[in-house]
Each structure stands twice: as C-alpha cells, then as structure tokens.
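Everything on this sheet refers to the single structure shown next.
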Protein chains: 2
Amino acid sequence: MRRSSAETKAVILAAARERFAADGYDKATIRAIAADARIDPAMVMRYFGTKEKLFAAAAEFDLELPALAPDQAGAGLVRHFLRKWEADEGLQVLLRTGVTNEAAAERMRTIFAGQVMPLVVDLTGDPERAPVRASLIASQVLGLALSRYILKFPPMVAATEEELIAWLSPTVQRYLTE
Amino acid sequence: MRRSSAETKAVILAAARERFAADGYDKATIRAIAADARIDPAMVMRYFGTKEKLFAAAAEFDLELPALAPDQAGAGLVRHFLRKWEADEGLQVLLRTGVTNEAAAERMRTIFAGQVMPLVVDLTGDPERAPVRASLIASQVLGLALSRYILKFPPMVAATEEELIAWLSPTVQRYLTE
DNA sequence: GTAGGAAGTCAACAGTCGTTGGCCTACAAT
DNA sequence: ATTGTAGGCCAACGACTGTTGACTTCCTAC
C-alpha cells in the first residue's frame with residue numbers, strides 16, 4: 001500500500017504505543033510493532049531513527065491536570081487520574097516501562113516534579129511540605145493503577161469508578177490538607 | 001574452585017535474587033547471574049534447569065504478616081511492610097518483574113489473596129467487604145514501594161520511616177475500619 | 001515522457017540470549 | 001594405583017534482536 005509520510009508515521013506511533021503499553025520496553029519488538037502497523041521493520045527505523053527515539057515519541061503525553069477547588073481536590077484528582085489511565089495509553093506505557101528502564105523512570109520523576117508538584121503547591125499554598133504531599137498522592141494514585149490495570153487484583157478490577165473515588169478521595173484530600 | 005552442590009546452588013540463588021531485584025526478569029541475564037556467582041552459565045542450568053525455574057526459586061518468599069491489635073493495625077502494617085521491602089529482596093523481585101511478566105503478576109495475586117486478604121478478614125470480621133479493603137491497602141503499600149524504591153521520587157526517598165508511618169497509617173486504618 | 005525523489009521491500013549484519021553436550025579435573029573409595 | 005563420580009568449564013547451537021544498505025516501485029514535476 002502507499003501512504004503519505006505523515007500517515008505512516010502516525011500508524012507506527014499508534015502501534016508502538018499499544019505494544020509498549022501492553023508489553024513494556026524490551027518485549028515490545030520493533031518487528032512486532034512493524035507487523036501491527038503492516039509495514040516493514042526498516043520503515044520504523046527510517047521514520048524514528050532508533051528504538052529509543054520511537055519510545056520517547058510514544059511516551060510523550062500530558063497529565064492535563066485541571067484547576068480544582070481546594071475542598072474538592074481529592075475527589076477531583078482521583079476521578080481525573082482514573083479517566084486518564086483508561087483513555088491515554090501514555091501513562092500505562094510509562095508505568096510498564098519505568099519499572100525496568102531508568103530513562104522512563106526519569107521521565108516519570110520529571111512529570112511528577114513538573115506537573116503534580118506545582119498543582120499541590122498551588123492548592124495548599126505550602127511550598128515547604130508540598131513535595132511530600134505530592135509524592136504521597138502520587139504513591140496512592142500509582143498504587144491504584146498498578147493494582148487495577150497492571151497486576152489486576154480482582155477486587156480492584158471489579159470496583160466501579162464511583163466506588164474507587166469514594167474510597168480514595170479522603171486519602172488524597174488528607175495528603176493535601178493535613 | 002571446588003564447592004559442594006548445596007553451596008553452589010545457594011550462591012547462584014543469592015546472585016539471581018539480586019539481579020532479578022535490580023534489573024527485572026528480562027534484563028537479568030543468566031550469563032550476568034553466573035558472572036556474579038563466579039561460575040559458568042552452564043552450572044545455572046544444571047542446578048535449576050531453566051531460567052523460569054530459577055526465577056520461581058528466587059521469587060519465593062513469605063510476607064510474614066504479624067498478628068496485630070485492630071486499633072493499631074494501620075501503623076503496624078505500614079511499619080512491617082516498610083521493613084520487609086528493605087530487608088527481603090523477594091518483594092522487589094516480584095514488583096520489578098510482575099509489571100511485565102504475567103507469571104510474576106499471578107504470583108503477586110496469589111500472595112495477596114493468600115496472605116493479605118485472610119489477615120484483613122481476621123482483623124475486620126467482615127468477609128464480604130474484606131477483598132476491597134485488602135486490595136485498597138495493597139494499592140497504597142505497593143504505591144509506596146513503587147515511588148520510594150523503584151521510581152525513587154526524591155521526597156519519598158528522603159522521608160524517614162517514622163514520617164511515612166505517620167502519613168500512611170491513618171490511610172490503611174481507614175481502609176480497614178471505615 | 002522522463003528524471004527525481006519519496007515510499008516501501010528484502011536480505012543480511014553483528015550481537016546477545018537461553019540452552020546443550022562433550023570434555024576436563026579433583027576427590028573418595030576401592 | 002585405579003576407577004567412579006560429581007563439580008566445573010568450554011564451545012557451540014539456533015533463535016531473536018536492533019540496525020543497515022541496496023534494491024524496487026510508484027507518484028509527481030518538469
């Protein structure tokens with residue numbers, strides 16, 4: 001088949017995101033990604049140069065944290081993260097990969113420091129303890145994703161969005177305000 | 001050098017635990033493990049048959065959850081898990097591996113269902129909601145380990161054991177009792 | 001209509017991996 | 001002194017990986 005350069009690049013990127021999210025960095029083969037995109041592996045190299053650069057492109061994403069009223073920030077954050085995890089493969093890519101790949105771990109730290117922490121500073125007006133608060137929130141939100149989407153603990157998978165929000169909101173709210 | 005069969009097996013197993021904990025399943029090469037143990041890769045195969053069996057032996061471990069008074073279970077659990085993470089490499093092996101290896105994920109689910117859930121049933125006397133409670137506790141404890149030992153978020157690494165216990169205990173306690 | 005470049009294919013490279021089988025070597029029992 | 005055996009080493013296998021370069025095919029601009 002014959003496609004435009006931009007189209008092909010997009011198709012490869014979509015396939016790469018899926019594979020990285022499902023299998024992690026090492027198991028997501030360039031050959032497998034190329035097969036998903038119905039394309040020769042050499043095309044992946046032509047368009048992205050190297051596997052690492054392809055990964056960097058696939059792992060690019062924005063948390064898009066919304067502005068929140070301080071007294072409802074707990075519930076708002078939990079809801080927002082739950083939807084992000086299900087809608088955007090970027091987060092699963094990073095979580096699956098950050099555990100065994102230092103570059104991906106560094107990117108998670110950057111996203112945390114650049115997006116979560118500023119929001120917490122803004123919500124609490126307490127720059128000194130904001131880093132601890134933010135990392136506690138991250139620990140609970142990441143733990144949720146880990147047990148629900150990666151390890152698939154049955155009770156976590158079975159729970160509805162509303163149930164999880166009800167359980168986790170007070171935790172996040174307390175990490176913000178106590 | 002010349003060792004007894006049991007000695008060599010133990011040396012290999014120790015090296016394997018370190019490598020699996022540090023690198024995860026795929027990056028922990030049999031050749032690298034053998035080099036750490038100052039031994040030929042063929043010996044690993046002779047003693048453990050296959051890489052998967054070696055991993056199964058290296059990932060064997062017991063949470064050793066203590067009996068706890070219900071009103072102090074939150075603090076007790078957090079303290080116990082924090083020390084387990086630092087003392088026993090088995091947990092890091094499973095966490096690093098369970099994210100990209102389905103067999104290891106299955107083992108984490110088994111440990112969760114066989115060790116954490118019974119304790120929660122015992123503490124709460126509420127068999128119906130125990131699964132949700134237990135998995136919520138697991139999510140927070142795993143999130144703690146992930147952000148502190150794997151992703152190494154700076155504020156989490158810098159926090160002392162007592163600070164973390166103070167922050168997380170109310171969360172776990174609430175997941176148990178509310 | 002033809003030249004040029006872009007899209008795509010193919011085969012091979014060098015390296016690494018788990019795994020295997022044959023070989024060597026030290027030691028204990030005879 | 002000889003033999004049996006168990007611990008250990010070496011070299012190689014087949015499979016798979018990221019990556020490369022030459023080749024073909026098609027569309028477009030002149």
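Proteins come first, then strands; the chains are lettered A, B, ... in the order of their sequence lines, and each starts at number 1.
By the salt bridge (Lys or Arg N to Asp or Glu O under 4.0 Å) test, B:Arg133 pairs with B:Asp126, sequence neighbours left out.
Of the candidates D:dT19, C:dT19, C:dA7, the closest approach to any side-chain atom of B:Arg31 belongs to C:dT19. Of the candidates D:dG18, C:dA7, C:dG18, the closest approach to any side-chain atom of B:Thr29 belongs to C:dG18.
Cation-pi check for A:Lys53 over A:Tyr47 is not met; the charged atom does not lie both under 6.0 angstrom from the ring centroid and within 45 degrees of its normal. Cation-pi contact between B:Lys27 and B:Phe20: absent, since separation from the ring centre below 6.0 Å together with deviation from the ring axis within 45° is not met.
Residues A:Tyr149 and A:Leu95 have side chains not in contact (no heavy-atom distance under 4.5 Å, counting atoms from C-beta outward). Annotation: side chain of A:Leu82 is in contact with side chain of A:Ile165 (closest heavy-atom distance under 4.5 Å).
When the nearest nucleotides of DNA chain C are assigned to B:Gly49 and A:Ser5 by heavy-atom distance, the more 5′-ward of the two goes with A:Ser5.
The aromatic rings of B:Phe153 and A:Phe112 lie parallel to each other, with less than 30° between the two planes, well short of the 60° mark.
Counted within 6.0 Å of CD on B:Glu128, heavy atoms from surrounding residues, nucleotides or ligands total 12 or fewer; the atom is thus considered open. Residue A:Glu106 qualifies as enclosed at atom CD: its count of foreign heavy atoms under 6.0 Å is above 12.
Contact annotation: A:Thr50 reaches the phosphate of D:dT19 (side-chain N/O to OP1 or OP2, under 4.0 Å). Between B:Thr8 and D:dG8 there is a side-chain N or O to OP1 or OP2 distance below 4.0 Å.
Taking atom CD1 of residue B:Ile30 and atom C1' of nucleotide C:dT19, one finds them 8 Å apart after rounding to whole Å. The interatomic distance linking A:Lys9 (NZ) with C:dG8 (P) rounds to 14 Å, in whole Å. Protein atom CG of A:Leu54 is 10 Å distant from nucleotide atom P of D:dT19, rounded to whole Å. Computed from coordinates, the B:Ile39 CD1 to C:dG18 C1' distance equals 17 Å when rounded to whole Å. Distance CZ (A:Phe55) to P (D:dT17): 18 Å, rounded to an integer number of Å. When rounded to the nearest whole Å, the span between NZ of A:Lys51 and P of D:dT19 equals 8 Å.
Taken residue by residue, residues 20-27 of chain B places no heavy atom nearer than 4.0 Å to DNA chain C. For DNA chain D, the residues of residues 40-48 of chain A within the heavy-atom distance limit of 4.0 Å (strictly under) are A:Ala42, A:Met45, sorted by number.
Of the N and O atoms on the side chains of B:Gln140 and A:Thr171, not one donor lies less than 3.5 Å from an acceptor on the other residue.
At a cut-off of 3.5 angstrom, counting only N and O atoms as typed in the model, there is no donor on one side facing an acceptor on the other between the side-chain of B:Arg3 and the base of D:dG8.
When heavy atoms are screened at a 4.0 angstrom cut-off, B:Ser4 is found touching no nucleic acid atom at all.
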